[in-house]
Amino acid sequence: MAGVRRNCGYYSGIEVTADDARGGLSMGWKEGVNVTFKSSGDHYIDVEIVSEEAGIPWRFMGFYGHHEERFRSESWDLLRTLKNQSNSPWIVMGDFNEITYEFEKQGRCIKLVRQMTEFRNALDECGLIDLGSKGPWFTWETGNTPRTNIRERLDRGVATSNTHPDVIRERTEFPFRFESSWCMEDDCEEEIRKIWTSCDLDVPGKLNVVSEGLTRWSKNITVARFKRTTELKRKLDELNHRDPTSSNLEELILTILEIDRKERKWEQRVRENWLSYGDRNTAYFHKIASQRKKMKEIKGLEDQSGTMVNDESGIVAIATGYFD
């Protein structure tokens with residue numbers, strides 16, 4: 001496989017030797033790409049990449065789901081195990097040997113609902129979202145006649161929601177789709193109104209302008225939020241390793257409170273939308289809840305008299321006073 005990889009122009013790479021005629025994996029990359037090998041197995045190769053665009057490390061994994069259905073659940077357990085090894089942004093691509101829904105298959109031999117459900121559950125538990133694709137919808141085909149022909153979408157790319165937009169920037173070239181999560185942003189409605197009234201076109205023309213404007217707006221807010229969250233988490237990690245002085249403790253608490261405020265604001269937006277739209281968006285809100293990571297927070301501290309203090313200024317005062 002190394003020879004095939006080099007013939008394709010990828011002179012750096014990793015191979016997993018095949019145990020039989022059906023096994024073996026290969027991952028290749030071009031010169032100049034900053035890749036660090038993490039681990040590998042019979043069904044995966046895991047690396048860490050630092051891209052110039054994002055400026056942060058992220059995980060890329062080539063994955064191969066077991067070709068025998070009776071062992072497929074072991075592939076999903078492996079995916080869960082690998083996910084728990086790191087909270088870094090994560091992209092997984094490969095042949096999963098499974099479909100998520102019936103419309104991803106055409107031809108005889110109906111797929112069992114249980115198999116598709118197990119695959120979807122594994123992706124949801126790992127927080128992996130389908131990135132979409134270009135070209136033909138089906139990625140695997142067999143049979144030369146209409147009676148024997150079977151086509152399925154077995155190959156795909158999935159990524160966690162914290163993956164930097166610049167890492168998957170090609171995704172913006174797909175047809176425009178309004179994302180439900182945009183409704184969680186305070187200025188979404190105002191942004192749509194501003195773009196709509198900014199041009200003097202017919203309705204189709206305005207829709208095109210709105211789609212382009214919302215795509216840019218979405219990328220900007222996502223990048224800004226991602227950078228700020230990354231900055232806060234790095235700062236929190238640095239403060240945790242400092243000496244527990246009064247000033248360091250105060251800065252630590254303020255950083256935790258800022259992270260917590262962002263989490264609570266998002267949760268409040270979810271509750272507001274739930275009350276407005278009921279269970280029509282059950283699957284969407286369930287996905288939001290399952291993908292957002294719970295963070296430790298300081299809800300309150302007792303002062304010397306035993307009174308519980310919950311406001312931010314009071315918590316900071318008690319904490320800093322403890323070390324004075």
Side-chain angles (χ1 to χ4, degrees), residues 34 49-60 87-93 127-134 157-201 203-237 254-255 257-273 276-277 281 284-285 287-293 295:
N34 188 351
I49 302 174
V50 179
S51 60
E52 295 181 359
E53 296 89 346
I56 59 166
W58 54 280
R59 293 174 70 193
F60 179 82
N87 290 325
S88 298
W90 192 31
I91 295 179
V92 185
M93 290 186 177
L128 293 168
I129 305 170
D130 199 301
L131 293 174
S133 60
K134 292 183 179 181
V158 292
T160 51
S161 58
N162 65 337
T163 305
H164 195 282
D166 283 338
V167 173
I168 52 175
R169 61 187 180 280
E170 293 299 325
R171 188 181 182 190
T172 59
E173 297 180 11
F174 288 95
F176 172 79
R177 291 182 178 86
F178 186 87
E179 298 288 345
S180 300
S181 60
W182 294 348
C183 296
M184 298 296 171
E185 301 296 335
D186 294 328
D187 58 341
C188 178
E189 184 176 346
E190 179 59 32
E191 184 68 20
I192 295 174
R193 183 180 292 108
K194 181 179 70 175
I195 299 173
W196 183 269
T197 57
S198 66
C199 58
D200 185 17
L201 300 171
V203 172
K206 283 180 174 286
L207 289 175
N208 287 332
V209 174
V210 169
S211 66
E212 294 173 358
L214 282 181
T215 299
R216 291 191 299 270
W217 168 80
S218 171
K219 182 175 182 179
N220 289 337
I221 61 173
T222 303
V223 170
R225 187 189 305 115
F226 184 89
K227 288 182 177 179
R228 182 55 180 162
T229 301
T230 301
E231 177 185 338
L232 287 173
K233 290 182 178 179
R234 285 177 177 171
K235 182 179 180 181
L236 186 62
D237 182 66
L254 289 174
T255 303
L257 289 172
E258 183 175 353
I259 295 174
D260 180 50
R261 269 200 305 271
K262 293 178 180 296
E263 293 294 314
R264 281 184 286 153
K265 176 183 177 181
W266 182 270
E267 291 169 1
Q268 179 63 34
R269 293 288 290 174
V270 170
R271 284 195 291 270
E272 291 173 358
N273 279 270
S276 300
Y277 302 115
N281 289 322
Y284 169 68
F285 286 113
K287 181 165 289 188
I288 288 178
S290 65
Q291 289 176 1
R292 296 195 61 82
K293 307 190 184 308
M295 305 190 68

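We use all heavy atoms of the structure for the numbers below, so side chains are in, but hydrogens, waters and symmetry mates are not.
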- Test item: Thr215 side-chain N/O and Ser211 main-chain N/O as donor-acceptor pair under 3.5 Å: yes
- Message: Closer than 3.5 angstrom, by distance alone: can the side chain of Thr160 be matched with the main-chain N or O of Trp90 as a donor-acceptor pair?
- Response: yes
- Query: How long is the gap from CD1 on Ile129 to CD1 on Ile91, to the nearest 0.5 Å?
  - Reply: 12.0 Å
- From CG (Leu236) to CZ (Arg234), nearest 0.5 Å: 13.0 Å
- Message: What I want to find out is whether Lys235 reaches Glu231 closely enough, with some N-O distance under 4.0 Å, to be called a salt bridge.
- Response: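 Looking at Lys235 and Glu231, the cut-off is not met.
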- Under the salt bridge (charged side-chain N to carboxylate O under 4.0 Å, His left out) rule, what do Lys194 and Glu190 come out as? Steps first, then yes or no, please. CA-CA 6 Å; Lys194 181 179 70 175; Glu190 179 59 32; over 6 Å; no
Which atom of [X] lies closest to which atom of [Y], heavy atoms considered:
{"X": "Ser88", "Y": "Arg59", "value": "CB-CG, 4.2 Å"}
{"X": "Pro89", "Y": "Pro57", "value": "CD-O, 3.9 Å"}
{"X": "Leu131", "Y": "Met93", "value": "CD1-CE, 4.2 Å"}
{"X": "Glu191", "Y": "Leu214", "value": "CG-CD2, 4.3 Å"}

- Message: Looking at Asp200, I want to see if its CG is surrounded by more than 12 non-hydrogen atoms of other residues, nucleotides or ligands under 6.0 Å.
- Response: no
- Task: Walk me through it: do Trp196 and Val203 pass the test side-chain contact (heavy atoms from CB on, under 4.5 Å)?
- Result: CA-CA 9 Å; Trp196 183 269; Val203 172; 4.3 Å; yes
